[in-house]
Amino acid sequence: MKLLAPSILAGDWWNIGVQIEATVRGGADVIHFDVMDGHFVPNITVGSEMLACISKRVNLPIDAHLMIESPDRYIPRFIEAGANWVSVHIENTPHIHRTLSLIKEMKAKAGVVINPGTPLTSLEEVLHYADYVLLMSVNPGFSGQSFIERSLDRLRDLKELRDELNPDCLIEIDGGIKEGNIKEVAQAGADVIVVGSGIFAAEDIEAQTAKLKALIS
Ligand code: DX5
Ligand code: ZN
């Protein structure tokens, strides 16, 4: 089964609770929560207090995508706030096994994220240890960017690598995925598909979520 993960970064923060509930009714499987610090990426978002507000009220796993420097310093705080999945970027996490262990010890799923410009070979030493890999299909920092087409080939290659090294590891993909390409992305091997503006820019968020869910089911 393929999972759909709405990225609430693309939502309207004034109405975010109402909008999250609409995605839940539409069949969302996971809530994707983007954390940015203005250093690792050129944008700033929200922190663990906001995540706690959501986790208290939403009965779905929360997937915290950490685009921050020194993630180890903040991981416990996010998991205590209710993050069920936590991912860190391979580009800025020098002691990656230690960081993934920290996440696992706190009983969350541990993910490793890879940017579009980073060779997939850099995952070879860590795939055996991750619960999921998050393949970026845009350069992280903003919702609403265009899907980098090369990501489809990378996704197929990553699936091969995953099947060989750790078949239990899920593959998540994030960035520029919409109605027009979600099916192709699912067929290329993604298990978890993040969609931001492709859901939240719609007039009817519940119906749009249900539509995308149907396309990957
Ligand atoms: C980008 C974030 C994404 C983003 C996706 O750095 O990691 O999760 O919100 O938004 P769309 O689907 O609009 O590209
Ligand atoms: Zn993300």
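FYI, the numbering just counts along the sequence from 1. Order of listing sets the numbers, starting from 1, for every ligand and every atom in it.
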For [atom], what is the closest protein heavy atom, and at what distance to 0.1 Å?
atom	answer
atom 3 (C) of ligand 1	Asp174 OD1, 2.9 Å
atom 1 (C) of ligand 1	Phe142 O, 3.5 Å
atom 6 (O) of ligand 1	Gly141 N, 2.7 Å
atom 2 (C) of ligand 1	Asp34 OD1, 3.5 Å
atom 10 (O) of ligand 1	Ser143 OG, 3.2 Å
atom 12 (O) of ligand 1	Gly196 N, 2.8 Å

May I ask you to check whether [X] and [Y] show a side-chain donor-acceptor distance below 3.5 Å?
X	Y	value
Gln208	Glu203	no
Lys178	Ser197	yes
His32	Asp34	yes

Which N, O or S atom of [X] lies nearest to the Zn ion (ligand 2), by name:
X	value
His32	NE2
His65	ND1
Asp174	OD2

Check ligand 1 against [X] and write out every atom of the ligand that is under 4.0 Å from a heavy-atom position of the residue.
X	answer
His65	7 (O)
Ser197	11 (P), 12 (O), 13 (O)
His32	8 (O)
Met136	7 (O)
Met36	6 (O)

### Message
Apply salt bridge (Lys or Arg N to Asp or Glu O under 4.0 Å) to residues Asp153 and Arg150 and explain how you reach the verdict.
### Response
CA-CA 6 Å; Asp153 283 339; Arg150 161 92 185 122; 3.8 Å; yes

Original post:
At a 4.0 Å cut-off, with the gap strictly under it, does some heavy atom of Gly144 reach an atom of ligand 1?
Top reply: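 Within the 4.0 Å threshold, so yes.
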
Closer than 4.0 angstrom: is that true for some heavy atom of Gly176 and an atom of ligand 1?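 So Gly176 counts as touching ligand 1.
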
Does Met1 sit in a hydrophobic cluster with other residues, and if so which ones, taking ILVMFWY side chains as linked at heavy-atom separations under 4.5 Å, directly or through other members?
->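 Traced through the cluster, Met1 reaches Leu3, Val30, Trp85, Tyr132, Leu170, Val192.
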
Q.
With a 6.0 Å cut-off (strictly less than), is the heavy-atom count around CD of Glu124, excluding the residue itself, greater than 12?
A.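 Check passes, neighbour count above 12.
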
Atom NZ of Lys2 with >12 non-hydrogen neighbours under 6.0 angstrom: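 For Lys2, atom NZ is crowded (more than 12 foreign heavy atoms under 6.0 Å).
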
Hey, are Asp191 and Arg162 close enough for a salt bridge, meaning a charged N less than 4.0 Å from a carboxylate O?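 Yes, Asp191 and Arg162 are salt-bridged.
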
Q. Centres of the His89 and Phe40 rings: under 6.0 Å?
A.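 Yes, the ring of His89 comes within the 6.0 Å limit of the ring of Phe40, centre to centre.
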
